[in-house]
*Asks:* 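Can you keep this structure in mind? I'll have questions shortly.
Worth saying up front: this structure is predicted, and the values here are computed from it rather than measured. Sequential numbering from 1 along the given sequence is applied to the chain's residues. Indexing begins at 1, ligand by ligand and atom by atom, following the structure's order.
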Amino acid sequence: MRHFAIVGSGPAGFYTAEALAKAYGDSARIDIIDRLPVPYGLIRFGVAPDHQSIKKVAIRYDKVAEADNVRFLGNVSIGDAVTVAELRQLYDAVVMATGAPNDRQLGLEGEDLPGVMGSAAFVGWYNGHPDHATHEPPLDGTHAVVIGAGNVALDVARILSKTLGELEGSDIVAHAYEALERSRVADITILARRGPHQIAMTPKELSELGQLEIACPVVDEADFPPQSADDDLEDRGLAKSVALLRGYAAEDCDKDKAIRFDFFARPVRIEGEGRVERVIVERTRLDPDGRARGTGEEYVLSASLVISCIGYSSPPIEGVPYDHRGGRFANEDGVIGDGLYAVGWARRGPTGTIGTNRPDGYEVAGQIEAAMPAGSDGGKAGGEGLDALLDSRDVLATCFDDWRKIEAAEEAAARAGSPREKMVSTSEMLRLLGHK
Ligand code: NAP
């Protein structure tokens, strides 16, 4: 028998568990461990609440969690309730699938002012992540600045722009839904430090901005290179995104809210008396190597809310070598060390779609299988050993049936048209389960 622990129950963790469960069948036991009482990580807390079709992938993960050789253990914080060193004693392989939940810092003066948030905090707020549910993003002013030109910037700009009617059918949590109802934000600037050809926005997501009820994108034609340069774009997705932007540039925005694309613009300082009031921006141009270079020309953007969407990092955990530059665990093709692996964003950094994690998880499962073939025995205590350790420390883990109870309660509490009303505090979830 082989025993495997996967730390993190987001997409990367679940795909790895799926691959291991298939490869080993009854000759392995797999524990998927999460710090929170509920599973799914990025699917529940990162994917936008109005992208319900993407969240449906959780049905596939449910099948994995319900397999005979797999368990889900929530409410167990690795590095806190149990160390990685202890897990390595108990299991033949430990797979770090902890994602990248921390915001990368801008490193700018004024970044700590109230009203300046990272996307993990803002997205976590509207998605009901227990770490972020109590934030109160200031929505009482009219101007928001969103920093970054990736899909998260699009998610954030879109959620700030939608009407409550457009949020129907989403699982945006009640506190965010109510706050957005009162929101006065009407002017959203997306600050992109490079140009339209350098965006990291995908066409499907970018096209959604063109279909909003009371908001429209504003793009300046002057920011584009000559049209002929579009033909040289090798990335077809990027070419489509650029074509969408050109389409936006050709239209007038006649709606109540504007989502302005400010290209070749990088924030240099954030200012305000006691809260954010403005962003000082420097005009940039592209270096021959494609990097943004400041021109020295500065201007001021009013801002009552600033959200930086510039990427994420994985939190370091004691006992796991860390790559500080990459903001992820130090690994080679997913191998951190003997019996210790990384998958997903904890392995690669915060890039790629949810689907990218499937081959990633399968590859690492393959490495594990090569190192310890199915049918072999490592003589480890596995889940029973972990249960005893948790017991001795009075840690009450949640199981998949517990999640089902939380899920049922969330579905029962949903507002009309919404799939669920998420519980946003860990203690509320544990109370429902009768755990202290
Ligand atoms: P991302 O795609 O890496 O985009 C980050 C953006 O921030 C880039 O435009 C980058 O510009 C900019 N940036 C980085 N550092 C900056 C700085 N110091 N100042 C100003 N701008 C800075 O990251 P993301 O948007 O967080 O998305 C993460 C991953 O999740 C991506 O793979 C994304 O596609 C995926 N995602 C997918 C969906 C979806 O499919 N619906 C939704 C959300 C996220 P440079 O290019 O100049 O570095």
Side-chain angles (χ1 to χ4, degrees), residues 10-12 41-43 45-57 99-111 116-124 126-127 145-159 170 189-209 235 237-238 240-241 245 261-270 279-287 289-294 301 306-314 325-328 344-357 360:
L42 187 87
I43 301 297
F45 298 116
V47 172
D50 57 342
H51 282 171
Q52 286 298 314
S53 57
I54 299 179
K55 288 179 191 263
K56 289 216 168 75
V57 71
N102 290 359
D103 280 310
R104 275 192 53 220
Q105 299 296 299
L106 286 163
L108 297 183
E109 193 185 318
E111 189 170 7
V116 182
M117 307 174 74
S119 51
F122 189 69
V123 171
Y126 64 60
N127 271 333
V145 170
V146 176
I147 301 169
N151 282 329
V152 171
L154 285 179
D155 281 347
V156 164
R158 190 180 68 255
I159 294 294
S170 80
T189 299
I190 296 180
L191 273 191
R193 62 182 173 183
R194 299 190 289 157
H197 275 203
Q198 287 77 36
I199 55 170
M201 297 166 167
T202 45
K204 185 177 159 293
E205 284 64 33
L206 191 55
S207 70
E208 289 178 71
L209 290 199
D235 180 333
L238 178 60
K240 276 191 194 163
S241 291
L245 286 173
F261 283 78
D262 195 351
F263 287 110
F264 302 107
R266 76 170 181 205
V268 289
R269 205 164 54 255
I270 301 173
V279 181
I280 313 302
V281 183
E282 182 182 21
R283 191 55 71 214
T284 64
R285 58 178 165 71
L286 279 189
D287 258 359
D289 60 5
R291 281 208 293 249
R293 171 68 53 104
L301 279 182
V306 172
I307 302 169
S308 71
C309 307
I310 62 164
Y312 303 104
S313 63
S314 306
R325 265 195 82 205
R328 59 185 177 203
W345 284 7
R347 165 188 175 181
R348 311 187 307 271
T351 58
T353 64
I354 287 156
T356 314
N357 294 299
D360 182 314

*Asks:* Applying the side chain to side chain contact (heavy atoms under 4.5 Å, CB included) criterion to Val306, which one of Val116, Thr189, Leu301 satisfies it?
*Replies:*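 By the side chain to side chain contact (heavy atoms under 4.5 Å, CB included) criterion, Val306 pairs with just one of Val116, Thr189, Leu301: Val116.
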*Asks:* Run the contact test for Glu205 against ligand 1 with a 4.0 Å cut-off on heavy atoms, strictly below, and give the result.
*Replies:* yes
*Asks:* Looking only at distances, please establish whether an N/O atom of ligand 1 is found under 3.5 Å from an N/O atom of Ala149.
*Replies:* yes
*Asks:* Can you check atom 40 (O) of ligand 1: any protein non-hydrogen atom closer than 4.0 Å?
*Replies:*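 Yes, because at least one protein heavy atom sits under 4.0 Å from atom 40 (O) of ligand 1.
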*Asks:* If I apply the N/O under 3.5 Å rule, does Pro350 come out as touching ligand 1?
*Replies:* no
*Asks:* Give the atoms of ligand 1, by number and element, whose distance to some non-hydrogen atom of Tyr312 is under 4.0 Å.
*Replies:*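 In order of numbering, the contacting atoms are 26 (O).
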*Asks:* Who's the nearest protein heavy-atom neighbour of atom 24 (P) of ligand 1, and how far?
*Replies:*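 That would be Val152 CG2, 3.6 Å.
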*Asks:* Under 4.0 Å, heavy atoms only, figure out whether ligand 1 is touched by the backbone of Cys309, its side chain, both or neither.
*Replies:*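 Looking at Cys309 and ligand 1, just backbone atoms fall under 4.0 Å.
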*Asks:* Take atom CD in Glu109; do more than 12 heavy atoms of anything else shown fall under 6.0 Å from it?
*Replies:*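 For Glu109, atom CD is not crowded (no more than 12 foreign heavy atoms under 6.0 Å).
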*Asks:* Compute the minimum heavy-atom distance from Lys204 to ligand 1 and say whether it is under 4.0 Å.
*Replies:* no
*Asks:* Please determine if Asp155 has a nitrogen or oxygen closer than 3.5 Å to a nitrogen or oxygen of ligand 1.
*Replies:*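 No: no nitrogen or oxygen of Asp155 is under 3.5 Å from one in ligand 1.
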*Asks:* So with a 6.0 Å cut-off around CZ of Arg269, is the heavy-atom count from everything else above 12?
*Replies:* yes
*Asks:* Anything under 30° is parallel, anything over 60° is perpendicular, the rest tilted; go ahead and classify Tyr126 against Phe122.
*Replies:*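 Tyr126 vs Phe122 ring planes: perpendicular.
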*Asks:* Kindly state if atom 4 (O) of ligand 1 has a protein heavy atom within a strict 4.0 Å cut-off, that is, under 4.0 Å?
*Replies:*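 It does; a protein heavy atom is within 4.0 Å.
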*Asks:* Nearest to atom 32 (O) of ligand 1, what protein heavy atom do you find, and at what distance?
*Replies:*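 Ranking protein heavy atoms by distance from atom 32 (O) of ligand 1, first comes Gly352 N, 2.8 Å.
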*Asks:* Is Asp262 salt-bridged to Arg283, cutoff N-O under 4.0 Å?
*Replies:*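 Yes, charged N to carboxylate O under 4.0 Å.
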*Asks:* Which ligand 1 atoms does Thr351 reach within 4.0 Å, using its non-hydrogen atoms?
*Replies:*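 Here the atoms of ligand 1 in question are 32 (O).
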*Asks:* Nearest to atom 33 (C) of ligand 1, what protein heavy atom do you find, and at what distance?
*Replies:* Asn151 ND2, 3.9 Å
*Asks:* Does Thr353 reach ligand 1 with a nitrogen or oxygen that is under 3.5 Å from one of the ligand's nitrogen or oxygen atoms?
*Replies:*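 Looking only at distances, the answer is no, because the N/O contact criterion of under 3.5 Å is not met.
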*Asks:* Looking only at heavy atoms, which two atoms of Ser314 and Trp345 are closest? And how far apart?
*Replies:* OG-O, 3.8 Å
*Asks:* Could you tell me the residue and atom name of the protein heavy atom closest to atom 18 (N) of ligand 1, and the distance to it rounded to 0.1 Å?
*Replies:*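 Atom 18 (N) of ligand 1 sits closest to the protein heavy atom Arg193 NH1, 3.5 Å.
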